[in-house]
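The structure displayed is predicted, hence computed values, not measured ones. Numbers here are sequence positions counted from 1.
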Amino acid sequence: DGCGHTVLGPESGTLASINYPQTSPNSTVCEWEIRVKPGQRVQLKFGDFDIDDSDSCHSSYLRVHNGIGPTRTEIGKYCGFGFQMDGLITSKSNEVTVQFMSGTHTSGRGFLAAYSTTDKSDLITCLDNASHFSEPEFNKYCPAGCVIPFADISGTIPHGYRDSSSLCMAGVHAGVVSNTLGGQINVVISKGIPYYEGSLANNVTSKVGPLSTSLFTFKTSGCYGTLGMESGVIPDSQITASSILEWSDQTGQVNIWKPEYARLKRVGPPWAAFISDEHQWLQIDLNKEKRITGIITTGSTLAEYYYYVSAYRILYSDDAQKWTVYREPGMDKDKIFQGNTELYQEVRNNFIPPIIARFFRINPLKWHQKIAMKVELLGCQFSIGRAPKITMPPPPQNKNNDKNDDLSDDFIHSVKTSLQTDKTTFTPEIKNTTVTPSVTKDVALAAVLVPVLVMVFTTLILILVCAWHWRNRKKKSEGTYDLPYWDRAGWWKGMKQFLPTKSAEHEETPVRYSSSEISHLRPREVPTMLQTESAEYAQPLVGGIVGTLHQRSTFKPEEGKEASYADLDPYNSPIQEVYHAYAEPLPITGPEYATPIIMDMSSHPSTPLGIPSISTFKAAGNPAPPLVGTYNKLLSRTDSASSAQALYDTPKGQPGPGAADELVYQVPQSVAHSTGSKDE
């Protein structure tokens with residue numbers, strides 16, 4: 001009467017004293033007999049040990065024996081409060097007896113232990129959690145029987161489990177290991193999350209959990225995808241049932257809860273059986289063999305119809321004629337799966353090992369009010385086909401017939417049981433299709449180099465196209481005879497606003513005209529040449545031979561304009577002071593009028609000595625001549641054969657000695673060379 005939680009599996013298990021982890025009652029006894037496969041040995045590990053040792057292990061103790069029955073031999077006798085046993089207790093045979101005695105005592109929780117075969121060197125107990133291990137990733141072996149009522153877990157897949165959760169119990173909840181068989185888990189530790197959800201899966205209830213510093217998840221094969229009930233990949237015609245609920249409501253409307261309504265998360269009614277008994281079933285045709293690793297179920301999901309299935313069996317078949325009931329390995333009873341406890345919550349159950357079949361059938365055994373459910377299947381494609389039928393050639397007639405028979409039997413056995421092995425024994429009719437490593441490397445290298453080369457050539461082509469396009473745009477924007485955009489006056493104007501202000505005296509570079517370049521031209525060709533070869537500042541058009549400019553020019557064209565004979569007169573504006581279109585304002589300290597142009601008259605052959613030279617500039621103290629019109633047009637020079645004189649224009653508003661058509665350009669004369677200025 002002293003036995004507590006006990007699960008004895010074929011390779012591992014869990015055992016605990018009665019009432020653990022509370023104080024065990026007085027005067028109780030329990031004895032466990034553990035057997036594993038012949039040739040194996042048993043190892044025992046304690047997760048908790050707390051037995052009263054007040055009488056030196058006389059009435060309360062735990063004793064471990066090699067063997068079973070009267071021939072057993074004692075390995076050890078243990079007691080003590082908080083007794084720590086770091087190592088494992090190992091048997092000498094495949095049988096072990098564990099005996100617990102509880103005498104008169106006032107405290108002590110008892111014990112909890114796990115066992116396995118000795119080939120499971122990384123055995124842990126059901127009480128170990130992720131905080132007991134410092135590695136970010138590790139492998140451990142969980143014993144059978146870790147679904148215990150005194151352990152808690154928080155979280156679910158795929159988000160993860162709180163670090164305070166029992167590793168093995170969380171493994172059962174996640175469907176990684178079986179509670180009946182135990183198994184290997186691959187644990188990965190990561191950063192915790194603020195909230196852990198709760199769910200019911202594999203008869204384990206996960207509770208809602210608060211924030212933690214870390215969490216853990218499990219590495220799996222990845223064969224947990226949905227097989228098409230919710231998504232509609234499985235058509236309605238492949239979902240059938242033993243019966244269909246059909247009824248009329250108060251309004252007289254006929255309601256039919258068809259099998260195709262049994263799709264998980266579908267809005268509306270579920271599938272429901274017309275008669276609620278243990279002979280009803282829902283069948284799903286997967287169209288071909290699939291690897292089925294789990295199932296998710298819900299109730300009716302309709303608040304006014306509180307229907308759900310609380311327990312069921314699973315059957316599977318390849319031809320829908322011969323059905324097999326699902327059982328766990330080593331068990332002689334059908335596996336009964338826990339279903340829903342209410343109509344909304346999704347409950348998951350996993351199949352360990354997975355089911356490989358085409359037809360899948362659910363047989364409800366327990367329900368609430370009526371049989372009604374929605375389902376989804378989990379799994380993946382079954383890529384490995386069945387073993388082909390092997391036709392063996394007749395054995396050769398020699399003395400080694402027995403050996404050949406043995407080889408043939410071994411080959412058939414290896415094909416049937418080891419379809420995933422890399423090497424197989426084969427007859428001459430079977431060819432080896434294994435790819436050599438060198439070919440594999442070449443294929444992998446080509447798969448990397450080809451995309452890289454394509455990207456490089458594409459980039460070069462794009463660069464060349466962009467360069468050609470930019471060059472054409474540049475040519476179109478500058479034109480054939482235009483200056484480059486960085487030499488234009490507009491660019492210089494935009495940049496001058498960022499430069500420091502200079503004095504007007506040094507703002508511009510003097511423009512000089514070479515007499516040698518102009519003297520050989522005829523008078524009519526001079527203006528044409530001056531207009532064609534434009535500089536940054538417009539050159540004054542002079543009809544005679546011009547000397548060298550010793551002062552800066554006041555004529556500067558604006559952007560986009562050229563010199564014209566019809567420009568405004570900068571000196572004859574009666575309304576306001578208007579500057580010439582090409583002129584910049586003169587500095588305040590400079591003279592009132594433009595600086596005279598100095599001319600050397602000694603080389604002028606056509607000017608008579610008797611005709612005085614007349615200056616167009618206003619002498620100091622004299623008033624400006626009256627404005628005759630709004631604009632003063634410059635008259636072109638006439639190259640008349642009848643006129644032997646080359647006259648210079650008189651000041652504006654005064655009659656000159658020559659005719660009007662002989663006026664050329666108003667050329668200011670130097671004081672040193674002009675005698676007419678003395679007369680004025």
Is the [atom1] atom of [X] crowded by more than 12 outside heavy atoms at less than 6.0 Å?
| X | atom1 | answer |
| --- | --- | --- |
| Arg313 | CZ | yes |
| Lys92 | NZ | no |
| Lys258 | NZ | no |

Ignoring hydrogens and geometry, is there a side-chain-to-backbone donor-acceptor pair from [X] to [Y] under 3.5 Å?
| X | Y | value |
| --- | --- | --- |
| Ser206 | Gly155 | yes |
| Asn363 | Glu278 | yes |
| Arg63 | Glu74 | no |
| Asp50 | Arg109 | yes |
| Asn66 | Ser91 | no |
| Thr293 | Pro354 | no |
| Asp53 | Cys57 | no |
| Lys374 | Arg266 | yes |
| Arg348 | His173 | yes |
| Asn129 | Leu167 | no |

Return the [atom1] to [atom2] distance between [X] and [Y], rounded to the nearest 0.5 Å.
| X | Y | atom1 | atom2 | answer |
| --- | --- | --- | --- | --- |
| Asn350 | Asn202 | CG | CG | 4.5 Å |
| Thr217 | Ile157 | OG1 | CD1 | 10.5 Å |
| Gln280 | Met373 | CD | CE | 12.5 Å |
| Thr213 | Asp163 | OG1 | CG | 5.0 Å |
| Cys30 | Met101 | SG | CE | 11.0 Å |
| Ile51 | Cys79 | CD1 | SG | 7.5 Å |

Residue pair Asn349, Val347: steps toward the side chain to side chain contact (heavy atoms under 4.5 Å, CB included) verdict
CA-CA 7 Å; Asn349 282 288; Val347 177; 4.2 Å; yes
Heavy-atom closest contact (Thr23 atom, Thr106 atom, distance)
CG2-O, 4.3 Å
Pro143 versus Thr14, closest heavy-atom pair with distance
CG-OG1, 3.9 Å
Polar contact flag, side-chain donor to acceptor under 3.5 angstrom, [X]-[Y]:
| X | Y | value |
| --- | --- | --- |
| Ser116 | Gln43 | yes |
| Ser121 | Tyr141 | no |
| Asn340 | Thr297 | yes |
| Ser214 | Lys191 | no |
| Trp32 | Thr6 | yes |
| Thr156 | Glu197 | no |

Contact check, side chains of Thr298 and Leu264, non-hydrogen atoms, under 4.5 Å
yes
Can you find a heavy atom in the side chain of Tyr316 that is under 4.5 Å from one in the side chain of Ile292?
no
Aromatic plane relationship, His5 with Phe150 - under 30° parallel, 30 to 60° tilted, over 60° perpendicular
perpendicular
Please verify the inter-ring angle class for Phe100 with Phe111; under 30° counts as parallel, over 60° as perpendicular, anything in between as tilted.
tilted
So, do [X] and [Y] have ring centers that fall under 6.0 Å from each other?
| X | Y | result |
| --- | --- | --- |
| Tyr305 | Trp257 | yes |
| His368 | Tyr306 | yes |
| Phe138 | Phe133 | yes |
| Phe337 | Phe351 | yes |

Stepwise ring pair (Phe, Tyr, Trp, His ring centres under 6.0 Å) check, Trp281 with Phe359:
CA-CA 12 Å; Trp281 47 263; Phe359 296 95; over 10 Å; no
Among all residues two or more places apart in sequence or in another chain, which pass the salt bridge (Lys or Arg N to Asp or Glu O under 4.0 Å) test with Glu342?
none
Yes or no on disulfide (SG to SG under 2.5 Å) for Cys380 and Cys223, after CA distance, side-chain angles and deciding distance?
CA-CA 5 Å; Cys380 59; Cys223 187; 2.0 Å; yes
Tell me, with the steps shown, if Thr341 and Tyr308 meet side chain to side chain donor-acceptor pair (under 3.5 Å).
CA-CA 8 Å; Thr341 57; Tyr308 59 86; over 6 Å; no
Check ion pair [X]-[Y] (N to O, under 4.0 angstrom):
| X | Y | result |
| --- | --- | --- |
| Arg327 | Asp334 | yes |
| Glu11 | Lys120 | yes |
| Glu230 | Arg263 | no |
| Arg72 | Glu95 | no |

Going through the checks in order, is the side chain to side chain contact (heavy atoms under 4.5 Å, CB included) test met by Leu378 and Ile295?
CA-CA 6 Å; Leu378 305 177; Ile295 181 174; over 6 Å; no
Take Ser190 and Phe216, measure what side chain to side chain contact (heavy atoms under 4.5 Å, CB included) needs, and give me the verdict at the end.
CA-CA 6 Å; Ser190 57; Phe216 63 90; over 6 Å; no
Would Lys77 and Tyr61 count as a cation-pi pair here, with the cationic atom under 6.0 angstrom from the ring centre and within 45° of the axis?
yes
Would you kindly say whether the two SG atoms, from Cys142 and from Cys126, are closer than 2.5 Å?
no
Candidate pair Thr180 and Glu328, rule side chain to side chain donor-acceptor pair (under 3.5 Å), full reasoning
CA-CA 8 Å; Thr180 306; Glu328 290 182 311; 2.7 Å; yes
For side chain to side chain contact (heavy atoms under 4.5 Å, CB included), just list the numbers for Glu137 and Ile189, CA-CA rounded to whole Å, side-chain angles, deciding distance to a tenth of an Å, and then say yes or no.
CA-CA 6 Å; Glu137 182 175 345; Ile189 308 296; over 6 Å; no
Between Glu289 and Arg358, is a salt bridge (Lys or Arg N to Asp or Glu O under 4.0 Å) present by the stated rule, with each step listed?
CA-CA 4 Å; Glu289 283 189 343; Arg358 170 181 173 179; over 6 Å; no
